[in-house]
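I have placed the structure first, in the form of structure tokens, so that the comments after it can refer back to it.
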Amino acid sequence: LVQIALNKGRFAIFADCGLGKTLMQLSWADEVVKKTNKPVLILAPLAVVQQTVNEGSKFGIDIELIQFINQDYNAKIYITNYEQLENIDTSFFSGVVLDESSILKGRDGKMSRRIIDTFYKTPYKLACTATPSPNDHMELGQHSEFLGAMSYLEMLAMYFVHDGGETSKWRLRKHAKDDFWKYVCTWSYSLDNPKTMGYQLKGYDLPEIEYVEHFIPVKNETLTLFGDVAVSATDLHKDLKKSFDDRIEKTKEIVRNKEGQIIVWTLKNDEAERISKEVNGVNVQGSDKPEIKAKNLNGFANNEFKTLVTKTSIASFGMNYQQCNEMVFM
């Protein structure tokens, strides 16, 4: 995949979790530095930055953190988080890597627009993510535009048609399906496991995920025989409030009976604060300073504490938590 990406110059690797995207992008960046004798920039989510630096040292690839604005760039690999992009003079770099490139998903998002515009003329580009949605054509269009293959609007005009009366919805033309996916294959490669490419599956053949449901009874306080299903956010939060103490107790029981590390995913801040105290966990929340988030998320990866309490919107992107195989969604 690295050889294909280098030959293409601008490419996307959509490889599933655990297949080594970090090593692929570091190897790619290392080769681009050698080829151009200019620096390459890696952009990653904040907590993933240090993880990438550690991975590089494991494989003998030197990566330097961008510490301040307008620093002198040597011919090597540099890394920083996406939020620092506006502070960097990117004209020095011959190549750029987007780690967790699903950040391009929102077409009207300020960050995705900045990324596409900033690296419009950069000769070498690599986008890496495990989670591109094949049904999210906007995300694929954004990747296409970032890589300089075809703009999002050109892609729509070529392969899509307005869906009925709704001008904001686009549908892939029936006769264009094969051509569209052949086009996507000119600038990307999707891989679910090594067996797809004819390699041995040993070490990648994971056991099935085991889902265990725990039911918390909620008192029916309506005048009907059965309580209504919570279909709105308001109803959901009412039910969450009713079951608050019972869910805390059940989660405590589960966490205390586990020996290894465990992640507790919550929906609300009051849940996270309470359960983290009850199980002596570390609560990573949106209001934390970025450096505190990074410290605690990496601390969990380094097995510094048993229980991480957080939300999927904060910690489910790019972190390598292969040492933890159990989670509670409370």
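Predicted model only: the values in this text are computed from it and were never measured.
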Test: [X] and [Y] ion pair at under 4.0 Å:
X	Y	value
E249	K252	yes
E291	K295	no
R113	D117	yes
R274	D270	no

Joint hydrophobic cluster, [X] plus [Y], side-chain heavy atoms closer than 4.5 Å:
X	Y	answer
I115	Y78	yes
F329	V255	no
L104	Y183	yes
V284	V279	no
V48	L26	no

Do the side-chain N and O atoms of [X] and [Y] include a donor-acceptor pair separated by under 3.5 angstrom?
X	Y	value
K306	N280	no
T118	R114	no
Q84	N87	yes

Parallel, tilted or perpendicular: rings of H137 and W181 (30°, 60°):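 Answer is tilted, since the angle falls between 30° and 60°.
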Plane angle bin for W28 and Y124 - parallel if under 30°, tilted between 30 and 60°, otherwise perpendicular: perpendicular
N/O donor-acceptor pair under 3.5 Å between [X] side chain and [Y] backbone:
X	Y	value
S144	M150	yes
R247	M330	yes
E271	L267	yes
D89	S91	yes
R10	A149	no
N320	Q322	yes
N298	A294	yes

Test log, rule side chain to side chain donor-acceptor pair (under 3.5 Å), inputs Q50 and N54: CA-CA 6 Å; Q50 189 58 51; N54 297 344; 3.0 Å; yes
Working to the nearest 0.5 angstrom, can you tell me the gap between [X] [atom1] and [Y] [atom2]?
X	Y	atom1	atom2	answer
E145	S112	CD	OG	9.5 Å
I209	N325	CD1	CG	10.5 Å
L140	Y159	CG	OH	12.5 Å
R173	F160	CZ	CZ	9.5 Å
T310	N296	OG1	CG	9.5 Å
S101	Q25	OG	CD	9.5 Å

Test log, rule side chain to side chain contact (heavy atoms under 4.5 Å, CB included), inputs L308 and V264: CA-CA 6 Å; L308 173 66; V264 178; over 6 Å; no
Any non-hydrogen side-chain atom of [X] less than 4.5 Å from a side-chain atom of [Y]?
X	Y	result
F180	M158	no
L19	P194	yes
Y152	Q142	yes
T90	V96	no
Y82	M111	yes
N193	D16	no
L41	V97	no
P39	K76	no

Proximity of H143 and F14 rings by center, below 6.0 Å: yes
Pairs where residues 284-303 contributes a residue and the test ring-ring contact (aromatic ring centres under 6.0 Å, His included) is met, not counting sequence neighbours: F300-F305, F300-Y321
Q261 vs N303, side chain to side chain contact (heavy atoms under 4.5 Å, CB included): CA-CA, chis, key distance, verdict: CA-CA 8 Å; Q261 284 184 286; N303 209 353; 3.1 Å; yes
Evaluation steps, side chain to side chain contact (heavy atoms under 4.5 Å, CB included), between I248 and E278: CA-CA 8 Å; I248 293 288; E278 296 278 3; 4.1 Å; yes
What closest approach, in Å, do [X] and [Y] show between heavy atoms, and which atom pair accounts for it?
X	Y	answer
T36	S94	OG1-OG, 2.8 Å
T52	T22	CG2-CG2, 4.0 Å
A130	K21	CB-NZ, 3.5 Å
L43	L85	CD1-CD1, 4.1 Å
S27	V2	OG-CG1, 4.0 Å
E154	S151	OE1-N, 2.8 Å

K277, NZ: over 12 other non-hydrogen atoms inside 6.0 angstrom: no
Option passing side chain to side chain contact (heavy atoms under 4.5 Å, CB included) with L126 (candidates V40, I13, L6):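 Per the side chain to side chain contact (heavy atoms under 4.5 Å, CB included) rule, the option paired with L126 is I13, out of V40, I13, L6.
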K125 NZ/CZ over F146 ring centroid, <6.0 Å and within 45° of normal: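 Yes, cation above the ring, under 6.0 Å and within 45°.
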Verdict with reasoning, S102 to E139, per side chain to side chain donor-acceptor pair (under 3.5 Å): CA-CA 7 Å; S102 283; E139 183 177 350; 2.8 Å; yes
Stepwise side chain to side chain contact (heavy atoms under 4.5 Å, CB included) test for T251 and H214: CA-CA 10 Å; T251 305; H214 299 274; over 6 Å; no
